[in-house]
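Single-structure report; data block below.
First the proteins, then the strands, lettered A, B, ... as listed; each starts at 1.
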2 protein chains.
Amino acid sequence: MVWKFSDGRPVYVQIMEHIQTAVLTGIFPPGSKIPSVRELAADAKVNPNTMQHALQELEQSMLLITQGTLGRFVTQDSAVIDAARNKLLHNLTQECIKKYAALGISPEQAANLLLECGKREA
Amino acid sequence: MVWKFSDGRPVYVQIMEHIQTAVLTGIFPPGSKIPSVRELAADAKVNPNTMQHALQELEQSMLLITQGTLGRFVTQDSAVIDAARNKLLHNLTQECIKKYAALGISPEQAANLLLECGKREA
DNA sequence: GATACTGTATTATCAAACTAATACACTGGA
DNA sequence: TCCAGTGTATTAGTTTGATAATACAGTATC
């Protein structure tokens, strides 16, 4: 797993995003056990407490479940994963629309910008 | 001017965005004098230093110019404003594409999401 | 039972960022 | 000259984040 943090935003928040993305894209499959706090912390070159902080926050979204001392597991309920994914997508889309609107750009125009930029980079 | 701040991000950064948007959308027209630090600070219910911090950071983009003790003015150079606007749009678009890509969404799919969400809200 | 591995909790410390209070320097105009 | 209004500088206080060291409780395995 590639850990890359930019300053400006708390590391633990960026860790949350990394792991959430890993779950939503199947890097951590449903029902699978994820590495231990200490293992992940060592991998990310981060203090175990920081990693723990991120994981505990993430559990509020129900994507991760702690099984006592057995470790942490990704939820087996694919509906939960889909719901989280849809919610994230919806939030992201609304956020984009809002930011574009602040600059006087309509959703239609924004969509065109995405298409053009996507082509150019491709 | 409507000042609305959310926590989690520094107030001065949010002020920067507010004012930059005001310049790029013509609320503060090119060449016009903007309110004084203390005036803006009182309006935003913020410490004058916080406002000053935001304004000084913003000057690095050349959108604002300090005229000694006469006050601050929006640049008269519309090319600078256009360039800043285009840069902001480009950054925003790339940021969106990146975030969607992290969820396995192509720019084309993202564009569709924007269109659908735009319609639904309209 | 002993060991090693889980997650968790507590406390302390350090650094950085943000906000705030105050004082300073300059200019325009009455 | 004096006053009011600019932007600016300095300093301090508060908060937040990250790290660190330790300790605790439970489980699987040998």
Could you state the [atom1]-[atom2] distance from [X] to [N], rounded to the nearest angstrom?
X: B/Gln67; N: D/dT8; atom1: CD; atom2: C1'; result: 16 Å
X: B/Asn47; N: D/dT11; atom1: CG; atom2: C1'; result: 13 Å
X: B/Met51; N: C/dA20; atom1: CE; atom2: P; result: 11 Å
X: B/Leu70; N: C/dA25; atom1: CG; atom2: C1'; result: 14 Å
X: B/Leu64; N: D/dT8; atom1: CG; atom2: C1'; result: 16 Å
X: A/Asn49; N: D/dA23; atom1: CG; atom2: C1'; result: 12 Å
X: B/Leu58; N: D/dT8; atom1: CG; atom2: C1'; result: 17 Å
X: A/Phe73; N: D/dT27; atom1: CZ; atom2: C1'; result: 12 Å

Could you tell me whether a side-chain N or O of [X] sits under 3.5 Å from a main-chain N or O of [Y], the two making a donor and an acceptor?
X: A/Thr75; Y: A/Asp77; result: yes
X: A/Thr50; Y: A/Val46; result: no
X: A/Gln109; Y: A/Ser106; result: yes
X: B/Gln14; Y: B/Arg9; result: yes

Is there a side-chain contact between [X] and the phosphate of [N], meaning an N or O under 4.0 Å from OP1 or OP2?
X: A/Thr50; N: D/dT19; answer: yes
X: A/Gln52; N: C/dT8; answer: yes
X: B/Thr69; N: D/dG7; answer: no
X: B/Arg72; N: D/dT8; answer: yes
X: B/Gln56; N: D/dT8; answer: yes

Nucleotide nearest [X] (side chain, heavy atoms from C-beta), chosen from [options]:
X: A/Tyr12; options: C/dT19, C/dG7, D/dA18; answer: D/dA18
X: B/Pro10; options: D/dG7, C/dG7, C/dC18; answer: C/dC18
X: A/Val37; options: D/dG7, C/dG7, C/dC18; answer: C/dG7

| Just how far is it from atom CD1 of A/Ile105 to atom CG of B/Leu114, taken to the nearest 0.5 Å? | 12.0 Å
| query | Of B/Lys33 and A/Val11, whose nearest nucleotide on DNA chain D comes first from the 5' end? | reply | B/Lys33
| request: State whether the distance check finds a donor on one side and an acceptor on the other, under 3.5 Å, for side chain B/Arg38 versus base D/dG7. | output: yes
| said: So B/Glu59, base contact, sugar-phosphate only, or nothing? Heavy-atom distance under 4.0 Å. | reply: nothing
